[in-house]
Novice: 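Structure provided below as structure tokens; questions to follow.
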Amino acid sequence: MEYNFSEIEQQWQQAWEKANAYAVSNESQKPHYYVLDMFPYPSGAGLHVGHPLGYIASDIYSRYKRQCGFNVLHPMGFDAYGLPAEQYAIQTGQHPEVTTNENIKRYISQLRKIGFCYDWSREVKTCDPKFYHWTQWAFIQMFNHYYDTVAQKAKPISELVARFEQEDPHWASLSEHDKQVRLMNYRIAYLADTKVNWCPELGTVLANDEVSEGLSVRGGFPVEQRVMRQWCLRVSAYAPRLLEGLDRIDWTESLKETQRNWIGRSEGAEMQFDIKGQNSPITIFTTRADTVFGVTFMVLAPESEYVERLTTDEQRAAVDEYLAWVKHRTERERIADRKVTGVFSGSYAINPLTNAEIPIYISDYVLAGYGTGAIMAVPAHDSRDYAFAKHFNLPVVPLIEGADVSEQSFDAKEGIMMNSGFLNGLEVKDAIAKMKEYITNTGIGRVTINYRLRDAIFSRQRYWGEPFPIYYKDGMPYTLPEDCLPLQLPEVKEYKPTVTGEPPLGHAQLWAWDEANRKIVDKKLIDNRSVFPLELCTMPGFAGSSAYYLRYMDPHNGEALVGRQANDYWQQVDLYLGGSEHATGHLIYSRFWNKFLFDLGIVCKDEPFRKLINQGMIQGRSNFVYRYIGEGATGNLYISYNLINNPEYKDKVQPIHVNVNIVHNDVLDIDAFRAWMPEYKNAQFVFADGSSSEVEDNPYMGAAMPKMYMCGWAVEKMSKSMFNVVNPDDVIAKYGADTLRLYEMFLGPLEMSKPWDTNGIDGVHRFLKKAWNMYEQISDAEPTPDELRSLHKLIKKVTWDIENFSFNTSIPAFMIAQNELYALKCNKRAILEPFAVLLAPYAPHIAEAMYHRCGCEGFVIDAAWPECNEAYLAEDTQKYPVQFNGKVRFTLECAKDTPKDEVEKLVLNHEDTARYLAGKTPKKVIVVPGRIVNIVM
RNA sequence: GCCGCGAUGGUGGAAUCGGUAGACACGAAGGACUUAAAAUCCUUUGGCCCGAAACGGCUGUGUGGGUUCAAGUCCCACUCGCGGUACCA
């Protein structure tokens with residue numbers, strides 16, 4: 001019977017659904033295992049073949065674990081808040097929720113067709129009030145906690161208040177407002193005036209990871225720096241734990257390294273420099289304490305609080321002008337144009353070691369947000385200081401013997417110190433240590449650790465996001481009572497900012513908090529005595545995605561984010577799969593969020609994702625036709641790719657993207673091409689054989705025989721404009737979901753980026769067809785040793801592959817086993833049944849049908865994973881004891897039909913090996929004709 | 001600049017602990033079946049050389065060195081490509 005994949009796939013998808021086969025219980029005696037995919041943002045374009053790559057891999061692993069007897073949690077949901085739906089709403093007035101729900105529906109239908117084993121009853125979407133209830137709840141907890149840097153743990157703000165009451169005599173006399181202002185400096189979720197990335201085009205601020213090279217990651221719009229009052233999360237407080245935790249999780253080294261760089265720990269020292277004519281010093285941060293003797297000037301960031309104090313009257317005008325210039329520069333200009341700029345403040349600092357007076361400058365190459373926003377400049381050993389010194393003609397004092405600083409600075413931390421008083425003659429490393437000791441002992445500074453990681457800006461001036469459960473009283477924020485959550489996103493007439501520049505929630509009528517009656521009321525009623533304004537910003541995209549993995553454990557819990565029991569059972573995500581582009585965003589925020597919940601005792605593990613694998617991106621593989629533009633061109637003639645370098649066409653053709661869906665194995669479907677777009681309706685071709693007539697006279701009957709037009713190709717990003725988007729639905733219609741699943745794995749290693757190239761898909765499909773044919777008639781006969789060896793080789797290989805996430809190498813193993821069994825004409829149940837069981841994680845539908853053709857009851861997806869019996873694997877070999885040099889004896893092992901003297905001769909004649917073996921006694925030497933394979937000592 | 005990853009036939013890639021490099025698949029060439037095509041099946045397929053033939057010889061994993069009885073794999077130096085990140089003191 002023919003392999004009718006669409007019938008098989010439909011039949012089994014319905015059977016699984018009917019039996020609720022993928023529902024997972026939180027109560028089980030089985031060991032637990034949690035496999036998670038990064039949930040997608042449901043974009044309007046639907047899934048393309050690149051999206052399911054990771055999902056297929058995690059699905060294989062989940063199914064394997066399930067067959068190994070684990071209770072496997074494998075859920076899916078949607079990161080439903082996002083800019084595209086909102087931009088669409090602004091343009092069309094359609095509520096983003098409508099768009100989002102439509103897109104989700106499409107995603108689900110596409111995902112279902114691929115046959116994933118998701119427990120859809122646990123689906124979450126971040127825009128669902130039942131879900132964002134807990135996003136808001138977590139925010140309230142962050143508002144009500146502070147970070148105790150001694151205990152390295154979040155603690156209730158009430159404990160801090162109690163401490164203030166006890167220890168600070170002024171506390172009691174402060175007004176309520178002033179108390180709140182003071183506490184704001186400690187809260188983990190806090191309001192602050194900070195320099196933010198403001199994107200005028202999007203009308204919102206963005207987090208650092210949402211900006212790349214001065215442009216917004218979504219949309220690519222320019223971003224400028226602005227000071228605004230924003231909600232922030234004190235992620236930086238967790239920097240040491242976020243760094244240290246990396247050592248305890250099983251992530252790829254490159255991803256951990258990316259996070260380490262992003263967190264950016266650097267050990268150094270804070271040092272105080274006295275100011276000439278003033279009595280309070282300034283504090284700088286340096287990692288090169290050894291170079292204090294070479295400090296010839298100081299530099300402040302333009303935004304540094306020291307600027308005001310250190311600007312002299314004579315320099316005031318120049319400094320103000322510079323500050324104004326810096327302020328108007330966008331981030332993008334700053335990056336593009338890196339010329340040296342700066343201005344003298346007029347003040348001098350005193351070098352604490354040389355007592356030299358050194359000028360203090362202001363320049364934007366020093367960043368306000370890092371260290372103390374002020375530096376000591378050592379032009380001889382820092383390239384940025386060097387450029388600045390050359391520009392302003394400041395002295396350069398070399399401190400390392402033999403370093404030539406006439407052309408450039410010597411930045412390396414190596415060499416012998418000179419010109420450095422008591423440090424002379426020391427290695428740089430020792431000099432740093434000695435200087436740290438010196439400044440600590442003399443009190444001019446202290447050893448500190450600095451982190452690059454900044455607090456996350458948590459406000460977005462947008463509509464489509466979680467509302468903050470916050471209202472304002474006397475200018476200070478207060479949280480809504482927890483039992484009033486969720487605070488639902490209100491309806492608005494427009495999704496744009498208001499005319500007064502308020503965020504879109506400013507349009508909402510029902511958007512005020514009646515404190516006494518604990519309810520939302522019309523904003524007309526705001527009197528700031530009992531009815532107060534609510535926060536108008538919404539939360540950023542990462543709010544909803546930071547703890548969603550916990551919600552899957554207990555998705556219908558109305559009392560808590562996740563129940564104690566559910567969390568104790570599942571513990572944490574055992575395997576997390578997703579793209580590495582989330583390394584410095586989602587994966588930092590999630591770890592932070594989880595550590596916070598851990599501090600509160602809500603979750604039992606302080607790291608959310610035990611093992612993490614990054615799947616590579618699938619790029620597009622574009623196809624081209626080549627329009628002839630040489631002499632006498634009509635614009636209608638297309639040259640086959642193999643001919644374009646011929647002299648008559650070279651440099652006379654123009655490549656044009658052609659829809660990859662009308663190209664198969666780089667051969668153009670010319671009828672489909674003519675029908676594709678009106679401009680190609682009358683296209684003429686020069687075919688691969690150089691002829692242009694479309695039919696060839698048939699030597700037999702004169703029937704039409706199509707000619708081949710070859711297309712060129714290139715690897716590009718998968719996108720509509722390149723006509724290289726391949727929809728999984730089309731692949732499934734043509735080949736079936738099982739072929740799609742197998743082929744996506746066959747394409748190459750999971751972690752690697754690779755182009756989607758359908759040129760090999762026929763081979764995989766052919767394998768399934770052939771395999772299916774073996775199940776035509778099943779016999780109960782005893783299997784032969786050859787058949788058993790094939791099977792057990794396969795069991796060993798596939799088991800190893802899945803456990804090591806090397807899914808691509810399993811497909812050839814299946815093909816080899818299938819070829820071997822095919823050659824043996826094997827149709828025995830004892831072999832074919834386990835074969836189907838092994839295939840089930842990769843190609844569940846056909847495996848299910850095969851399993852039932854073997855006469856089995858139940859689902860193959862529940863069948864126990866077969867065990868490999870090594871006894872069947874032993875090759876037929878012969879062992880010979882060998883005498884060597886008259887004394888050394890060892891065993892020589894070789895294939896059974898190899899003549900003994902041949903093999904012996906081989907070993908003994910191999911000069912280098914013979915020398916090596918002399919005087920040694922290897923256990924055995926494995927030999928095949930012509931070569932020594934292995935020497936076991 | 002810094003950090004990370006990679007480079008193997010015409011193509012995608014395999015070689016899992018240092019032990020027969022090129023598995024498997026695609027493509028290509030030839031053949032069988034067919035009026036013809038599709039489908040299916042069989043053979044060949046890294047390069048070079050010898051030969052009537054061989055389970056024949058040489059060469060071969062980006063480049064140049066090294067370690068080893070043995071290197072795609074380990075070490076050193078370099079070239080190119082990809083990804084991340086950047087006035088982070």
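By convention in this document, chain letters (A, B, ...) are assigned in the order of the sequence lines, proteins followed by strands, and residues within each chain are numbered from 1.
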Novice: Using the C1' atom as the point on both nucleotides, what is the distance between B/G18 and B/C69, in whole Å?
Specialist: 12 Å
Novice: Of the nucleotides B/A89, B/G84, B/A86, which one has an atom closest to the side chain of A/Thr287?
Specialist: B/A89
Novice: Measure the distance from OH on A/Tyr822 to P on B/U40 and round it to the nearest whole Å.
Specialist: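 Checked: the OH to P distance equals 11 Å.
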Novice: NA contact type, A/Lys796, heavy-atom cut-off 4.0 Å: base, sugar-phosphate, or nothing?
Specialist: nothing
Novice: Within the 3.5 Å criterion, strictly below it, is a donor on A/Asn614 or A/Ser580 matched to an acceptor on the partner's side chain?
Specialist: no
Novice: Mind checking who B/G51 pairs with, Watson-Crick or G-U wobble, both distances under 3.5 Å?
Specialist: none
Novice: Tell me the salt bridge (Lys or Arg N to Asp or Glu O under 4.0 Å) pairs involving residues 744-767 of chain A, sequence neighbours left out?
Specialist: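 Non-adjacent pairs meeting salt bridge (Lys or Arg N to Asp or Glu O under 4.0 Å): A/Arg621-A/Asp757.
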Novice: Using the C1' atoms only, state how far B/G56 lies from B/G66, rounded to an integer number of Å.
Specialist: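 It works out to 33 Å between them.
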Novice: Using the C1' atom on both, measure B/G57 against B/C2 and round to a whole Å.
Specialist: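 Nearest-Å result for B/G57 against B/C2 at atom C1': 50 Å.
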Novice: With 3.5 Å as the limit, what N/O pairs link the protein to nucleotides 27-29 of chain B?
Specialist:
from  : atom 1 : to       : atom 2 : distance (Å)
B/G27 : OP1    : A/Asn665 : ND2    : 3.3

Novice: Using 4.0 Å as the upper bound for N to carboxylate O, is an ion pair formed by A/Asp247 and A/Arg260?
Specialist: yes
Novice: Within this structure, what is the CG-to-P distance between A/Asp364 and B/A86, rounded to whole angstrom?
Specialist: 16 Å
Novice: Roughly how many Å is it from OH in A/Tyr361 to C1' in B/A89, rounded to a whole number?
Specialist: 18 Å
Novice: Between the protein and nucleotides 7-14 of chain B, list the N/O to N/O atom pairs that are separated by less than 3.5 angstrom.
Specialist:
from  : atom 1 : to       : atom 2 : distance (Å)
B/G12 : O2'    : A/Leu747 : O      : 3.0
B/A14 : OP1    : A/Asn808 : ND2    : 2.9

Novice: Taking any strand in view, what nucleotide pairs with B/U40 in a Watson-Crick or G-U wobble way, both distances under 3.5 Å?
Specialist: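 Partner of B/U40: B/A32.
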Novice: Both A/Ile816 and A/Leu367 contact RNA chain B. Taking the nearest nucleotide for each, which residue is further toward the 5' end?
Specialist: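 This one resolves to A/Ile816.
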Novice: Name the pairing partner of B/G27, where a pair is Watson-Crick or G-U wobble with both distances under 3.5 Å, or state none.
Specialist: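 WC or wobble partner is B/U45.
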Novice: Under 4.0 angstrom, heavy atoms only, what part of the nucleic acid is A/Ser266 near: base, sugar-phosphate, or nothing?
Specialist: sugar-phosphate
Novice: How many Å lie between CG on A/Leu742 and P on B/C26, as a whole number?
Specialist: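 In whole Å, B/C26 P lies 13 Å from A/Leu742 CG.
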Novice: Considering residues, nucleotides and ligands other than A/Glu776, do more than 12 of their heavy atoms fall under 6.0 Å from its CD?
Specialist: yes
Novice: Report which part of the nucleic acid A/Val378 touches: base, sugar-phosphate, or nothing (heavy-atom distance under 4.0 Å, all strands).
Specialist: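 Nothing: the residue A/Val378, judged by heavy atoms under 4.0 Å, touches no strand.
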Novice: Measure from the side-chain heavy atoms of A/Tyr370 and tell me the nearest of B/C24, B/A39, B/A89.
Specialist: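 The listed nucleotide nearest to A/Tyr370's side chain is B/A89.
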Novice: Using a 4.0 Å heavy-atom cut-off, does A/Asn261 contact any base of the nucleic acid, only the sugar-phosphate backbone, or nothing at all?
Specialist: sugar-phosphate
Novice: Which nucleotide wins on minimum distance to the side chain of A/Pro812, given the candidates B/C24, B/A86, B/C87?
Specialist: B/C24
Novice: Starting at the 5' end of RNA chain B, which residue's closest nucleotide do you reach first, A/Tyr451 or A/Ile761?
Specialist: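 Nearer the 5' end of the strand: A/Ile761.
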Novice: Taking the same atom, C1', in B/C76 and in B/C82, what whole-Å distance lies between them?
Specialist: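 B/C76 and B/C82 have their C1' atoms separated by 24 Å.
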Novice: Considering only atom C1', compute the distance from B/A14 to B/C78 and round it to an integer number of Å.
Specialist: 28 Å
Novice: Taking atom CD1 of A/Ile432 and atom CZ of A/Arg288, what is their separation to the nearest 0.5 Å?
Specialist: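 Here the rounded value is 5.5 Å.
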Novice: Using whole Å, report how far NZ of A/Lys825 lies from P of B/C41.
Specialist: 13 Å
Novice: Please report, rounded to the nearest Å, how far the P atom of B/G4 is from the CD atom of A/Gln259.
Specialist: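 About 16 Å, once rounded to whole Å.
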Novice: A/Lys769 has an atom NZ; how far is it from atom C1' of B/A38, in whole Å?
Specialist: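 Atom NZ in A/Lys769 sits about 11 Å away from atom C1' in B/A38.
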Novice: Decide, yes or no, whether a salt bridge links A/Glu2 with A/Lys769 under the criterion of side-chain N to carboxylate O below 4.0 Å.
Specialist: no
Novice: Can you tell me whether the base of B/C17 sits syn or anti, using the 90° cut around 0 to define syn?
Specialist: syn
Novice: Quantified in whole Å, what is the P atom distance between nucleotide B/G22 and nucleotide B/A15?
Specialist: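 Between the two P atoms, the distance is 13 Å.
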Novice: Count the heavy atoms belonging to other residues, nucleotides or ligands that lie under 6.0 Å from NZ of A/Lys256, then report whether that count exceeds 12.
Specialist: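 For A/Lys256, atom NZ is crowded (more than 12 foreign heavy atoms under 6.0 Å).
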Novice: Suppose we define a pair by two distances each less than 3.5 Å, Watson-Crick or G-U wobble; what does B/U61 pair with here?
Specialist: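 Result: none.
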Novice: Calculate the interatomic distance between A/Ile618 atom CD1 and B/G83 atom P; express it in whole Å.
Specialist: 16 Å
Novice: Would you classify B/G57 as syn or anti? Syn applies when the glycosidic angle is within 90° of 0.
Specialist: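 Base orientation: anti.
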Novice: Could you tell me whether the side chains of A/Asp411 and A/Ser409 share a donor-acceptor contact shorter than 3.5 Å?
Specialist: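 A/Asp411 vs A/Ser409: donor-acceptor pair found between side chains.
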Novice: Using a 4.0 Å heavy-atom cut-off, does A/Arg265 contact any base of the nucleic acid, only the sugar-phosphate backbone, or nothing at all?
Specialist: nothing
Novice: Can you check whether A/Leu453's main-chain N or O pairs, donor with acceptor, with A/Ser236's side chain at less than 3.5 Å?
Specialist: no
Novice: Looking only at atom C1', what distance separates B/A77 and B/U20, rounded to whole Å?
Specialist: 31 Å
Novice: Go through the structure and list residues passing salt bridge (charged side-chain N to carboxylate O under 4.0 Å, His left out) with A/Lys825, not counting sequence neighbours.
Specialist: none
Novice: Partners of A/Ser790 by side-chain contact (heavy atoms from CB on, under 4.5 Å), sequence neighbours excluded?
Specialist: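 For A/Ser790 the side-chain contact (heavy atoms from CB on, under 4.5 Å) partners, ignoring immediate neighbours, are A/Glu820, A/Leu821.
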Novice: Expressed in whole Å, how much space separates the P atoms belonging to B/G19 and B/A25?
Specialist: 25 Å
Novice: Considering residues at least two apart in sequence or located in another chain, which fulfil the salt bridge (charged side-chain N to carboxylate O under 4.0 Å, His left out) criterion with A/Asp385?
Specialist: none
Novice: Taking only the side-chain nitrogens and oxygens of A/Tyr365, find out if one of them lies under 4.0 Å from OP1 or OP2 of B/A89.
Specialist: no
Novice: Under a 3.5 Å limit for both distances, which nucleotide forms a Watson-Crick or G-U wobble pair with B/C5, could you say?
Specialist: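 B/C5 is paired with B/G81.
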